[in-house]
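Notes to accompany the following structure.
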There are 2 protein chains.
Amino acid sequence: MKKVTMADVAKLANVSKSTVSQYLNKRYEYMSEETRKRIAQAIEELGYQPNVIARSLKQKTTATIGVIVFNMLHMLTTQVLHAIEEECQKRGFHVIICNSDDDPEKEKKYVNMLLAKQVDGLIVFPTGKNEEVYRPLVEERFPLVFVDRMVPGVEVDSVLLDNFKAAEMAVDYLASHGYDRIAIVIPPLVAYNVPRMERFEGFRIAMEKRGFVVDENNIIAVTPALLPEELKKRFAKPERPNALFAINDLALMGVLRFVKETDIRVPEDLAIINIDDVPFADIYTPMLTTIAQPTFSMGKKATEQLFVQIEQKRKEKPRVFRFSPILKERTSIRRKDK
Amino acid sequence: MKKVTMADVAKLANVSKSTVSQYLNKRYEYMSEETRKRIAQAIEELGYQPNVIARSLKQKTTATIGVIVFNMLHMLTTQVLHAIEEECQKRGFHVIICNSDDDPEKEKKYVNMLLAKQVDGLIVFPTGKNEEVYRPLVEERFPLVFVDRMVPGVEVDSVLLDNFKAAEMAVDYLASHGYDRIAIVIPPLVAYNVPRMERFEGFRIAMEKRGFVVDENNIIAVTPALLPEELKKRFAKPERPNALFAINDLALMGVLRFVKETDIRVPEDLAIINIDDVPFADIYTPMLTTIAQPTFSMGKKATEQLFVQIEQKRKEKPRVFRFSPILKERTSIRRKDK
DNA sequence: CCGGTTTATGAAAACGTTTTCTAAACTAAA
DNA sequence: TTTAGTTTAGAAAACGTTTTCATAAACCGG
């Protein structure tokens, strides 16, 4: 049943395959009203569907892009993906989604598979490794954009949060509300995780700018699962922080779990702020003041940028787009006099 | 650069394309160690990557499946998708993701595009419409499975929550904890939304079984955004419910927002239970008792089932897999004596 | 009625594989 | 040495399009 081909249409319409092809590609220029009608009818009658694969082989273009993400379950991912899908939909493109699970090996395998599949471009939330995989791609001007993270040593159009600003926003907001003992809560620092490093650096710089010292004890850098434990230890020690800056939603969960297990009151005893707007922010008590990422705009931009690369083959120097974080003022922070 | 083809490899290795093809498909049977080595080396030397498109054209199989979801942002979707991706990854398949946005027209367009793209199978979270689109597919035995919802009038392998059981679980749990005035919170009822209807029916039946009457006032069927408002109205009336059963996470959000705006205490004045485990369930105060869907198993099953369809062309009668909900007992419900 | 334009169509060669069938080369037996 | 069988490898025809080029038909002014 699935076997009706262009040749069949041609036969039925009494024209050649070439003519049918013309018709399909809307090259009506030199085609009589008559034939056009006959073809249309033949197509209708046979329920003909062009075989996209065959066309792709000829045209070397697939109207498909690949997206590789390092964490499919993360909300940021979901939202950016949503925007990507939407933009592609507008252009008649399809999206193949791959989950590297933060494993550079998988990531590598996927980019190769996607290239073999002749995708027209790639949007990657990179693990941060695999420099040698991406380098040839940029050399070759293969359409590629990074989102959220970068790969040190590879220059590619990238769509990132302005992490410095986000961190600064956090400490400024806290400081201007009278908090002076601010701790940062962050997963373990690894050099290739650019946003993490940037947020940390941004924090440190903002603190210094404000004249605060960053006590080693106030850098809670531990894997999220261990966070409640670690925080408990920290709060057993003297000079308790009076504000916590959680670097992302996972860290926030750790913080919230910790808070729940103690009798610390928020915001009376402890202010909380974090990066990533979470869906329950205004349902939680107190409502959580967060620093949101403009996920939708980021996904849109990433896709748009990919398409400029796809369309104009010659490419200028890669650009890094930094998106401004958005402060969502709620009630987990309170004016407090020193 | 991207132009190295099998012919090039053949030339360099001094063999014919056929032989290279054999090699690539691991048909080593009648191939000397010698040639095998030469080919391997030629491939290595040229950095040859087979063109999957060309192969697909010949083999009429693309190692790609399409997934159409009606809501990309929903957590259920994300999690099921994650499992699907993982299962496909194991089998060397790719997944194209499309968001119908709960618009039957888009959904229809997408299934046609995906078919034209020659995907080997389709997993759909259907809007519930488009019977006429799916019917021919099942006739033709095209690999297809539905997830979460169904399409009335089309019999297809489906992976669904056991919605009756979920609803029953909710009322049983509530009832056995002494709650007797249970209200259901649910988006507007529409016939083609199968899970919604089933949950509602399940609720009604379970209530009757328990000897409770379902007061019309205790069916809060309104779009989630209007929920806080509507609940406020309901609680202004007499015979307030002492327990709320939210049919899904969106309804839950409405409930929680409502609770936050009033001084009703949970669980003292009001018990809450809902379907869909939410990430903040044990961070919220009180911790939320929920009825979780086994999303991962569902995604896995859907994919497995799709692959049995793909592999064995002849297909027995479609099966509906009902997954048992999982009660997550927490503290938003309390023993209470009448 | 005749060359020269237009206008409309078709033949055939790609695209890069897989696959079938045939042939060459080698081996062992006669 | 021939013969028959066994390995090994290649030629060529697909797969379903697009695209280039040639040419046929129709038109048209002189």
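What's counted below: heavy atoms across the whole structure, side chains too, no hydrogens, waters or symmetry copies. Chain naming here is simple, since letters A, B, ... match the order of the sequence lines and numbering starts at 1 in each. Just so it is clear, the model here is predicted, and its values are computed rather than measured.
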A:K58 NZ - C:dA13 C1' separation (whole Å): 7 Å
Under 3.5 Å donor-acceptor, A:N71 side chain and A:L73 backbone: yes
salt_bridge(A:R319, A:D157) N-O dist < 4.0 Å: no
Short side-chain to backbone donor-acceptor contact, B:Q309 and B:L144, under 3.5 Å: yes
Relative orientation of the end axes in the helix from C:dC1-D:dG30 to C:dA30-D:dT1, expressed as an angle to the nearest 10° (five pairs per end): 60°
Contacts of type salt bridge (Lys or Arg N to Asp or Glu O under 4.0 Å), residue B:R55, not counting sequence neighbours: none
Ring geometry between A:F307 and A:F93 (parallel below 30°, tilted from 30 to 60°, perpendicular above 60°): perpendicular
Pairs flagged by salt bridge (charged side-chain N to carboxylate O under 4.0 Å, His left out) wherever residues 122-139 of chain B is involved - sequence neighbours left out: B:E131-B:R135
Position toward the 5' end of DNA chain D (nearest nucleotide), B:K60 or B:T35: B:T35
Summary of protein contacts for nucleotides 22-28 of chain D, nucleotide by nucleotide, where a base hit scores B, a sugar-phosphate-only hit scores S (4.0 Å, heavy atoms): -------
Length of the line joining B:E33:CD and D:dA9:C1', which is rounded to integer Å: 16 Å
Spacing between B:M6 atom CE and D:dG10 atom P, to the nearest angstrom: 12 Å
5' priority, DNA chain D, between B:E34 and A:V52 [closest heavy atom]: B:E34
side-chain hydrogen bond (donor to acceptor under 3.5 Å, both in side chains) partners for B:S158, two or more places apart: none
Interatomic distance, B:R55 CZ vs C:dT19 P [rounded to whole Å]: 9 Å
B:K317 with B:E155: basic N within carboxylate O range, under 4.0 Å: yes
Interatomic distance, A:D8 CG vs D:dG16 P [rounded to whole Å]: 9 Å
Whole angstrom value for the distance that separates C1' of C:dT17 from CD of B:Q49: 15 Å
Proximal nucleotide (of D:dT8, C:dC15, C:dT17) relative to the A:L57 side chain: C:dC15
Contact list for DNA chain C against residues 11-26 of chain B - heavy-atom distance below 4.0 Å: B:K17, B:S18, B:S21, B:N25
Whether A:Y134 and A:F146 hold their rings parallel, tilted or perpendicular, with breakpoints at 30° and 60°: perpendicular
Length of the NZ-P vector between A:K3 and D:dG16, whole Å: 8 Å
Expected output: side-chain B:S100 to main-chain B:V69 donor-acceptor under 3.5 Å: yes
Nearest-neighbour nucleotide for the B:N51 side chain, C:dA8, C:dG16, D:dT18 considered: C:dG16
Whole-Å gap separating P (D:dT17) and CD (A:Q118): 18 Å
Stacked cation flag B:R149 on B:F70, 6.0 angstrom / 45 deg: yes
Side chain B:N130, main chain B:V133, donor-acceptor under 3.5 Å: no
N/O (side chain, A:T5) to phosphate O (OP1/OP2, D:dT17) under 4.0 Å: yes
